[in-house]
Amino acid sequence: MEPMKVAVLGAGNIAIQPNGVLPNLHHIPDKAVVTAIADPVEEKASWAAERFGIPKSFMSLEDMLDYGDFDAVVNLTPIPVHGETSLKILQAGKHLTTEKPVGVTIEEVDALEQAAAANGLTIVCAPPNMLYPTRREARRLLAANTIGQLCFVRHRSSGPGPGSIAWPSDPSWFYEKGSGPMFDIGVYSMHEMIGILNRPVKRVFGFFGITEAIRTVPAGPYRGLEIPVTANDNNLVLMDFGDSLFGVVDGTYNVWAAKSPRMEIFGREGVLNMWRNLNETTGQQLEVFRVDKERSVRGWWDVALGDLNFAQTHVDNLKRALIVEHLVDVVRGDRQNELPLDQARHALEIMLRAEEASQTGQAIELTTTFEPIRFDPSVKEEALVHG
């Protein structure tokens, strides 16, 4: 089968950095080949085209769509323009994989759904976290009732923010209203929370605020740049999944370091910890605390992940190009879409309504939902190794 022809919109960090899309597509030459790239900065588009052997480069999405020698577009534009650019891509009859979040309003996402349905197109939405073997295994452990009835989930996504480190490009837009840490990094927590639990949220509340009106870049090419902060940079989201299951997510630019697990899931018969960020592979990934009331036994257990090594190596190789492979696999009918639009829309509504609730002081019922992912929930008992 011939590889799918894809175009890339945006030649920034996610496109060209070592863990980005373009440097890692060589691992799947049988699935995808890039035939065009567009970026409003001509030098960036032409450099990327030369560096990665892309035949055509353009300064606008419209010119690239007019060229049209591709079946799908990888949308790597900044957060505020995801929705409008994705809609143009779908209206041109191209499959789409888009960076997170899928849009900045629910209306934008609804328009994408309608355009995709009208043209028989597939949409795959970043982040790719629920394709990682550890995330899939965590979901399987919960479905197998490993820690009993779920009660409370905590997820951490905060970091110091691009304006606090030697960011390679101007980080100002991350702090502008319409962007911010919730859309930038909190979205990872939202997708992992609803993806691992495999269930939608019923209602939300939030605390959102700005900690500093001005941020000063301390290092790197933009050292000394003063950034006005108009996006909320200190955010906490509370979620009610129903059945007395609650969740909390932090999404801030105020955390320099933490020793706690990335995700903690508390159940009536135990605890599941997910330690590592994204697809990091050093150290313990998953651990379980189990309580056996009949035998009065309790303790921590590591989760043996040796049988996932091959899948993890594949993820480590592809890095951000994983979302391109997933799009190709879904379009070809080789697997179900595990990064679907309805789940991305639900994650977006959680973030939007939580910020709204922070202003009104009232919890808000959500209107969106999503279809749970189908998978084999069985877990072998020997997967747990007493620590």
Side-chain angles (χ1 to χ4, degrees), residues 9-21 39-41 44 74-86 98-105 108 125-129 155-192 206-237 249-258 262 277-278 319-320 323 344 347-348 350-352 354-356 358:
L9 178 61
N13 292 332
I14 296 298
I16 66 172
Q17 65 186 3
N19 67 341
V21 172
D39 193 285
V41 180
K44 292 172 67 174
V74 186
N75 189 346
L76 306 179
T77 53
I79 290 170
V81 297
H82 285 172
E84 64 182 81
T85 51
S86 290
T98 179
E99 261 304 318
K100 47 71 187 174
V102 64
V104 294
T105 69
E108 281 184 338
C125 304
N129 297 38
H155 202 298
R156 172 173 49 82
S157 64
S158 296
S164 299
I165 57 179
W167 198 254
S169 56
D170 186 345
S172 299
W173 69 271
F174 286 97
Y175 297 85
E176 295 173 357
K177 191 172 181 60
S179 297
M182 188 53 67
F183 280 172
D184 176 29
I185 51 180
V187 65
Y188 290 97
S189 287
M190 297 305 167
H191 278 257
E192 288 192 345
F207 296 96
F208 284 64
I210 295 175
T211 53
E212 293 178 291
I214 301 290
R215 296 257 183 155
T216 303
V217 180
Y222 289 85
R223 178 188 178 95
L225 175 66
E226 293 188 344
I227 303 174
V229 180
T230 55
N232 290 315
D233 65 354
N234 198 35
N235 312 311
L236 191 67
V237 176
V249 164
D250 60 83
T252 87
Y253 283 155
N254 297 303
V255 173
W256 284 101
R262 176 175 173 83
N277 182 33
L278 301 181
K319 299 179 174 64
R320 208 63 174 188
I323 61 174
L348 175 63
I350 293 170
M351 295 184 289
L352 292 174
E355 185 170 12
E356 181 183 341
S358 76

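To the nearest 0.5 Å, the span separating OH on Y253 from CD1 on I165 amounts to 10.0 Å. Here the straight-line distance linking atom NE2 of H191 with atom SG of C125 works out to 7.0 Å at 0.5 Å rounding. Here NE2 of H82 is found 11.5 Å from CG of L348. Values are rounded to the nearest 0.5 Å. The distance from atom CZ of F174 to atom OG of S179, rounded to the nearest 0.5 Å, is 8.0 Å. How far CZ of R320 is from CG of N13: 11.5 Å, rounded to the nearest 0.5 Å. Here F183 contributes atom CZ and E355 contributes atom CD; the two are 7.0 Å apart, rounded to the nearest 0.5 Å.
Across all non-hydrogen atoms, the minimal contact from A231 to E176 is CB-O, 3.3 Å. In this structure, S157 and R262 approach most closely via the heavy-atom pair CA-NH1, 4.4 Å. Of all heavy-atom pairs between R223 and P218, the closest is NH1-O, 2.9 Å. What you find for P221 and P168 is that their closest heavy atoms are CG-O, 3.7 Å. Between T230 and K177, the shortest heavy-atom contact is OG1-N, 2.9 Å. The minimum heavy-atom distance between N235 and P181, with the atom names listed, is ND2-CG, 3.6 Å.
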Exercise. For side-chain contact (heavy atoms from CB on, under 4.5 Å), just list the numbers for Y188 and N129, CA-CA rounded to whole Å, side-chain angles, deciding distance to a tenth of an Å, and then say yes or no.
Key: CA-CA 7 Å; Y188 290 97; N129 297 38; 3.5 Å; yes
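Checked by atom type and distance alone, the side chain of K100 pairs as donor or acceptor with a backbone atom of D184 at under 3.5 Å. The backbone N or O of V104 sits less than 3.5 Å from a side-chain atom of E108, completing a donor-acceptor pair. At least one donor-acceptor pair closer than 3.5 Å links the side chain of D250 to the backbone N or O of S158. A donor-acceptor pair under 3.5 Å is formed between the side chain of N75 and the backbone N or O of T77.
Contact of the P228 side chain with the I214 side chain is registered, since non-hydrogen atoms from C-beta on lie closer than 4.5 Å. You'll find the side chain of P101 reaches within 4.5 Å of the side chain of I79, heavy atoms only. You'll find the side chain of E226 stays beyond 4.5 Å of the side chain of R215, heavy atoms only. Side-chain contact between S172 and Y222: absent, with no pair of heavy atoms (C-beta onward) separated by less than 4.5 Å.
The side chain to side chain contact (heavy atoms under 4.5 Å, CB included) with M182 is formed by just one residue from the set V237, N232, V187; it is V237.
In this structure, a donor-acceptor pair under 3.5 Å is absent between the side chains of T211 and N234.
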